[in-house]
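Worksheet for the structure shown next.
Values reported hereafter were calculated over all heavy atoms of this structure, with side chains retained and with hydrogens, waters and symmetry mates removed. To find a chain, count down the sequence lines: A is the first, B the second, and so on, and within it residues start at 1.
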Amino acid sequence: MTTFPAAEWISTMMFLLALAAAGSGALIAALSTRVIRSVCGLAICCLGLSGLYWFLHSPFLAMMEILIYVGAVCVTIVFAIMLAEPDEPAQEEPRKSALIWTGVSLTVALALFCGLAHLGVRGNWQEAQARTTDGSIREIGISLLTTYSAAFEMISLVLLIAILGALVIARGGREHS
Amino acid sequence: MTPLLFNRLEVYLVAAAFILAVGVYGLVRRRTLIGMLISGELIFSAASLNFMALNRFTVQDPTVGQIFVLFIMGLAAAEVAIALSIIIAIYRNYRSVKTHDLAELNG
């Protein structure tokens, strides 16, 4: 069997690129002061995540991640940014309490990261012995229409109600202003 | 021979933990509602990545996790639609989406 030269090296580089995009996008999303930049960070993070899903043998979810998160969620948030003016206010709280709060939240985040990373690395994960399906798009479609058909219908109902509720909430009070 | 970097479960789990930690930090430190919403989306993504990683490496039927993550994405989209309309309604009433100004119930 002939393989493409340096195929492993190339895929490792692509994986590192996706990983870096996910991590740096998350950092931009959480840390930048202008909200439009943090939306861009969320989009970068989702692009990286879709790359990771690709490496996890799930091209279907990689496509869905781009379609739903980058295409729908980020664009909707940009709409809301245009309607409201959500830039982070300049430092309003006193310096000392801001420092304390930053310290507390940094500690919580670091503890979460260290604990979960420790659990993930040290965990006694058992490799799956024999796979019953191959997890392809065909298998996903079959299970969506057989085993999970009730959940599939329910989520369409949830989305419909969410759209109606969003319309009602956003319209209310328009006449007065 | 050790498996390649992208065939190891721990790498994905550590990445998911990192995204979760960044999301929690943003949720606490952000001072506008939209910023908090974005951080919440990061937490959703971290959970999805965790599901997908365990689904790829330790589960016998790999379709289950993919369908679960698909439902998480659908619920996240519904949540964003509702949350943004609430934010717009708040902006109409208060002319602001800073969490500091929304203190009417503060005793």
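In the hydrophobic clustering of ILVMFWY residues, with side-chain heavy atoms under 4.5 Å counting as a link, Leu13(B) and Leu16(A) come out together. Cluster annotation: Ile140(A) is not connected to Trp54(A) through the hydrophobic network of ILVMFWY side chains, with a link wherever side-chain heavy atoms come within less than 4.5 Å. Cluster membership check: Phe60(A) shares its hydrophobic cluster with Phe51(B), using side-chain heavy-atom separations under 4.5 Å among Ile, Leu, Val, Met, Phe, Trp and Tyr.
In this structure the side chain of Tyr69(A) reaches within 4.5 angstrom of the side chain of Phe44(B), judged on heavy atoms. Between Asp134(A) and Pro62(B), every side-chain heavy-atom pair lies at or beyond the 4.5 Å cut-off. With contacts defined as side-chain heavy-atom distances shorter than 4.5 Å, the pair Tyr12(B)/Leu52(A) qualifies. Between Thr32(B) and Val35(A), the closest side-chain pair of non-hydrogen atoms falls below 4.5 Å. In this structure, the side chains of Val11(B) and Leu19(A) come closer than 4.5 Å at one or more pairs of heavy atoms. A heavy-atom distance below 4.5 Å is found between the side chains of Leu144(A) and Leu70(B). For the pair Arg131(A) and Asp61(B), the minimum side-chain heavy-atom distance is 4.5 Å or more.
More than 12 heavy-atom neighbours from other residues, nucleotides or ligands sit within 6.0 angstrom of CZ on Phe71(B). Applying the 6.0 Å contact sphere to OH of Tyr91(B) captures more than 12 heavy atoms from other residues, nucleotides or ligands. Residue Met13(A) places its CE atom among more than 12 non-hydrogen atoms of other residues, nucleotides or ligands, all under 6.0 Å distant.
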Checklist entry - Can you check side chain to side chain contact (heavy atoms under 4.5 Å, CB included) on Leu54(B) and Trp125(A), steps first, answer last? => result CA-CA 9 Å; Leu54(B) 290 174; Trp125(A) 307 109; 3.8 Å; yes
Checklist entry - Given the rule in the ring pair (Phe, Tyr, Trp, His ring centres under 6.0 Å) test, do Tyr25(B) and Phe113(A) qualify, once you have shown the distances and angles that lead to the verdict? => result CA-CA 11 Å; Tyr25(B) 176 80; Phe113(A) 174 66; over 10 Å; no
Next on the checklist: Pair Ser85(B), Arg171(A) - check side chain to side chain contact (heavy atoms under 4.5 Å, CB included), show working.
Outcome noted: CA-CA 9 Å; Ser85(B) 66; Arg171(A) 256 196 73 80; over 6 Å; no
Item to check | Glu41(B)/Val73(A) under side chain to side chain contact (heavy atoms under 4.5 Å, CB included): CA gap, chis, key distance, verdict | outcome: CA-CA 9 Å; Glu41(B) 290 303 313; Val73(A) 170; 4.3 Å; yes
Item to check | Leu4(B) vs Phe15(A), side chain to side chain contact (heavy atoms under 4.5 Å, CB included): CA-CA, chis, key distance, verdict | outcome: CA-CA 10 Å; Leu4(B) 287 172; Phe15(A) 177 74; over 6 Å; no
Checklist entry - Is there a side chain to side chain donor-acceptor pair (under 3.5 Å) between Gln66(B) and Ser58(A) once you walk through the steps? => result CA-CA 8 Å; Gln66(B) 299 187 41; Ser58(A) 178; 3.0 Å; yes
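Interface remark: of the candidates Gly120(A), Gly115(A), Ser105(A), Ala117(A), Ser105(A) forms the most heavy-atom pairs closer than 4.5 Å to chain B. Comparing Ala22(A), Ala151(A), Gly165(A) by how many heavy-atom pairs each has under 4.5 Å with chain B, the most go to Ala151(A). Options Met64(A), Glu127(A), His57(A), Glu139(A) differ in how many heavy-atom pairs under 4.5 Å they form with chain B, and the most are formed by His57(A). Put simply, of Ile67(B), Val80(B), Leu37(B), Val24(B), the one with the most heavy-atom pairs under 4.5 Å next to chain A is Ile67(B). Ranked by heavy-atom pairs shorter than 4.5 Å toward chain A, the options Ile88(B), Ile38(B), Leu42(B), Val64(B) are led by Ile38(B). When the candidates Leu42(A), Leu116(A), Thr147(A) are compared by the number of heavy-atom contacts under 4.5 Å with chain B, Leu42(A) comes out ahead. Chosen from Thr102(A), Val121(A), Leu27(A), the residue pairing most often with chain B at heavy-atom distances under 4.5 Å is Thr102(A). Looking only at heavy-atom pairs under 4.5 Å with chain B, the residue among Ala111(A), Ala109(A), Cys114(A) that has the most is Ala109(A). When each of Ala15(B), Ser48(B), Ser39(B) is scored by its heavy-atom pairs under 4.5 Å with chain A, the top score falls to Ser48(B). When Leu20(B), Thr58(B), Ile19(B) are compared by the number of non-hydrogen pairs under 4.5 Å with chain A, Thr58(B) comes out ahead.
For the atom pair CD1 of Ile72(B) and CD1 of Ile68(A), the computed distance is 11.5 Å after rounding to the nearest 0.5 Å. How far CG of Leu56(A) is from CG of Leu49(B): 6.5 Å, rounded to the nearest 0.5 Å. Separation of atoms CD1 (Ile169(A)) and CD1 (Ile82(B)) is listed at 5.0 Å; rounding is to 0.5 Å. For the atom pair CG of Leu49(A) and CE of Met52(B), the computed distance is 11.0 Å after rounding to the nearest 0.5 Å. Note that the OG1 atom of Thr63(B) and the CD1 atom of Ile142(A) stand 9.5 Å from one another [nearest 0.5 Å]. Note that CG of Leu61(A) is 9.0 Å distant from CG of Asn55(B), once rounded to the nearest 0.5 Å.
Residue contact with chain B, scored on non-hydrogen atoms closer than 4.5 Å, involves the backbone of Gln126(A) exclusively. Proximity to chain A involves both the backbone and the side chain of Leu5(B), based on heavy atoms less than 4.5 angstrom apart. With a 4.5 Å cut-off on non-hydrogen atoms, Val14(B) touches chain A through its backbone and its side chain both.
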